[in-house]
Undergrad: 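Structure in structure tokens, see below.
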Amino acid sequence: NIFSFHYLNNNYIMKKNYSNIYSFNKKIIKKTVNFLKLSNIVGLPTETVYGLAGNAYSDKAIKKIYSLKKRPRRNPLIIHYYNYEKAKKDVYFNKNFFKLYKRFCPGPITFVLKKNKNSDISSLATASLNTVAIRFPKHRVIKTLLKFLSFPLAMPSANISSGLSPIDAFNVFEEFKKKLKIIIDGGRSKIGIESTVVDLTNHPKILRPGIISPNEIRNILKTNFSKKKINLRSPGMMKKHYSPGIPVIIGQKPKNINHAYIVFGKRFKSSKNYFNLSKKGDLKEAAANLYKIMRKIKKNGFKKIYVSKIPSFGPGIAINDRLSRASK
Ligand code: AMP
Ligand code: MG
């Protein structure tokens, strides 16, 4: 039906342009499983952000992910599993892992563990490190796929390296257009920012904050985090990352209405250039809105983004982390 339109970011765009976006059903799952078996790459929803998924055991698939994303090869990928049973062969578990797994999985948390010497994970996916980052996603689409597959999925966010992570199928389309044969639409990612990454290979250490806060993890592990500087090569730790492609200035008010202002809480008025992460002052909601709002600001033609102070506890730690990297 050529008169069927999709409502997207205040623009009506013809639906037929999106012929590589599929809704979730048995048929597309079967097609995607076969496609992944042949070392092809697909765009998939998760509860954190959308990902670019490929067979973690296939060098061919991993090479495709790096080249699609234009991601530096030294930045390792997170490997996604259905459950811990399926990861046994690839990593060495420890007590801290099981404590956190029991409490938070499946969910938005990634564990860095020692790589098992019998692991089949492509060494390209781990950037030849002797560690592996693993996650157990919760979203129904990826869980269904992982259940049917005999290999785990390497999956970074579905965006060109150093940009904003996509939080819906249309964001993924904007990044890769028809370069992906399959993008599965699983609705908007509920969490909206990337997983918390915790290194459990030694004394626990948070490598990247996320919606699960350091405090929640500390309460489960009953230990403080290592303050030691680590020299793990990891993308979430690269200085410039999560960039909307225009300058981001933190802790200042905009100078004029051509500059967007990201604010948080009810004390801010409504204005054409004001974008409120959460009017009711809910940090979880703010995290879920962060990338959506940054994409919208860019799309609306603003040349700069100013950001008011965001509280720095709970999910606020992750929001401030992303904003500060976006400002580099
Ligand atoms: P991203 O793919 O952008 O979501 O980021 C992946 C994150 O996982 C990085 O921030 C790293 O902290 C971490 N990571 C992935 N693989 C490894 C690994 N083999 N060793 C240590 N950290 C890793
Ligand atoms: Mg990313």
Side-chain angles (χ1 to χ4, degrees), residues 41 43-54 56 62 65-66 68-81 87 90-92 97 107-116 119 121-137 142 152-167 171-172 175-176 189 191-212 214 217 225-226 228-245 290-291 294-295 318 321-322 324-326:
I41 306 308
L44 295 182
T46 85
E47 70 278 16
T48 56
V49 300
Y50 272 63
L52 216 48
I62 302 303
I65 292 178
Y66 279 101
L68 270 166
K69 265 187 80 81
K70 303 192 174 72
R71 176 166 170 130
R73 287 277 185 101
R74 68 193 155 80
N75 293 332
L77 308 176
I78 296 174
I79 314 300
H80 295 70
Y81 293 87
D90 292 327
V91 294
Y92 294 115
F97 166 77
I109 183 165
T110 296
F111 310 99
V112 175
L113 294 167
K114 292 226 164 73
K115 192 172 181 175
N116 191 310
S119 166
I121 297 172
S122 161
S123 61
L124 296 171
T126 55
S128 303
L129 297 169
N130 55 9
T131 54
V132 189
I134 63 169
R135 184 164 101 80
F136 307 90
I142 179 143
L153 293 173
M155 186 168 59
S157 52
N159 55 280
I160 307 295
S161 190
S162 94
L164 294 178
S165 295
I167 53 149
N171 291 167
V172 180
E175 295 280 338
F176 298 106
S189 295
I191 289 167
I193 56 167
E194 305 79 0
S195 60
T196 303
V197 180
V198 53
D199 179 7
L200 299 175
T201 55
N202 279 301
H203 195 78
K205 184 168 175 74
I206 305 277
L207 300 184
R208 177 174 71 190
I211 214 77
I212 297 174
I217 295 175
F225 295 118
S226 166
K228 251 195 274 169
K229 274 226 164 170
I230 32 127
N231 44 11
L232 282 176
R233 291 161 289 171
S234 42
M237 306 187 69
M238 280 162 69
K239 276 201 184 116
K240 191 185 150 93
H241 210 89
Y242 315 118
S243 165
L290 182 65
Y291 293 147
M294 291 215 272
R295 274 179 192 269
D321 167 75
R322 304 305 190 274
S324 117
R325 288 175 209 278

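Indexing begins at 1, ligand by ligand and atom by atom, following the structure's order. Computed from a predicted model, the values in this text were never measured in an experiment. Numbers here are sequence positions counted from 1. When reading the values below, keep in mind they use all heavy atoms of this one structure, side chains included, and skip hydrogens, waters and symmetry mates.
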Undergrad: So which heavy atom on L44 is nearest to which on A53, and how close?
TA: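 Minimum heavy-atom contact is CD1-CB, 3.7 Å.
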
Undergrad: Going by the rule ring pair (Phe, Tyr, Trp, His ring centres under 6.0 Å), which residues pair with F136 if we only count those two or more places apart in sequence or in a different chain?
TA: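 With sequence neighbours excluded, F136 shows a ring pair (Phe, Tyr, Trp, His ring centres under 6.0 Å) to Y101, given in chain and number order.
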
Undergrad: Side chains of S157 and E194: is there a donor and an acceptor less than 3.5 Å apart?
TA: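 Looking only at side-chain atoms, E194 and S157 do not form any donor-acceptor pair under 3.5 Å.
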
Undergrad: Short list, please: which atoms of ligand 1 are under 4.0 Å from a heavy atom of I78?
TA: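 Under 4.0 Å from I78, ligand 1 has these atoms: 4 (O), 6 (C), 7 (C), 8 (O).
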
Undergrad: How about Y291 and N171: does a side-chain donor come under 3.5 Å of a side-chain acceptor?
TA: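 Judged by distance alone, the side chains do not pair up.
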
Undergrad: Excluding sequence neighbours, so at least two apart, what forms side chain to side chain donor-acceptor pair (under 3.5 Å) with S189?
TA: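 Scan of S189 (side chain to side chain donor-acceptor pair (under 3.5 Å), adjacent residues dropped) gives none.
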
Undergrad: Is it true that S195 and T48 share a donor-acceptor pair across their side chains at a distance under 3.5 Å?
TA: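 T48 vs S195: no donor-acceptor pair found between side chains.
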
Undergrad: Do any N/O atoms on Y242 end up under 3.5 angstrom from N/O atoms on ligand 1?
TA: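 In this structure, Y242 places no N or O atom under 3.5 Å from an N or O of ligand 1.
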
Undergrad: From the options K69, E194, R208, select the one whose nearest heavy atom is closest to atom 1 (P) of ligand 1.
TA: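 It is R208 whose heavy atom sits nearest to atom 1 (P) of ligand 1.
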
Undergrad: Work out which heavy atom in F225 is nearest to a heavy atom in I217; give both atom names and the distance.
TA: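 Closest heavy-atom pair between F225 and I217: CZ-CG2, 3.7 Å.
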
Undergrad: Output the list of atoms in ligand 1 that are nearer than 4.0 Å to some heavy atom of L77, sorted by atom number.
TA: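 Atoms satisfying the 4.0 Å criterion: 16 (N).
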
Undergrad: For a distance under 2.8 Å, give residue and atom name for each protein N, O or S atom next to the Mg ion (ligand 2).
TA: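 The answer, once waters are left aside, is S157 OG.
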
Undergrad: Name the option, out of V112, V49, V198, that contains the heavy atom nearest to atom 21 (C) of ligand 1.
TA: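 Heavy atom nearest to atom 21 (C) of ligand 1 belongs to V112.
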
Undergrad: Taking only residues two or more places apart in sequence or in another chain, which ones pass ring pair (Phe, Tyr, Trp, His ring centres under 6.0 Å) with Y50?
TA: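 Counting only residues at least two positions away or on another chain, Y50 forms no ring pair (Phe, Tyr, Trp, His ring centres under 6.0 Å).
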
Undergrad: Give the atom numbers and elements of ligand 1 that come within less than 4.0 Å of a heavy atom of L129.
TA: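 Near L129, meaning under 4.0 Å from one of its heavy atoms, ligand 1 has 18 (C), 19 (N), 20 (N).
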
Undergrad: Any ion pair linking E47 and R135 (charged N to carboxylate O, less than 4.0 Å)?
TA: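 Salt bridge flag = yes for E47 with R135.
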
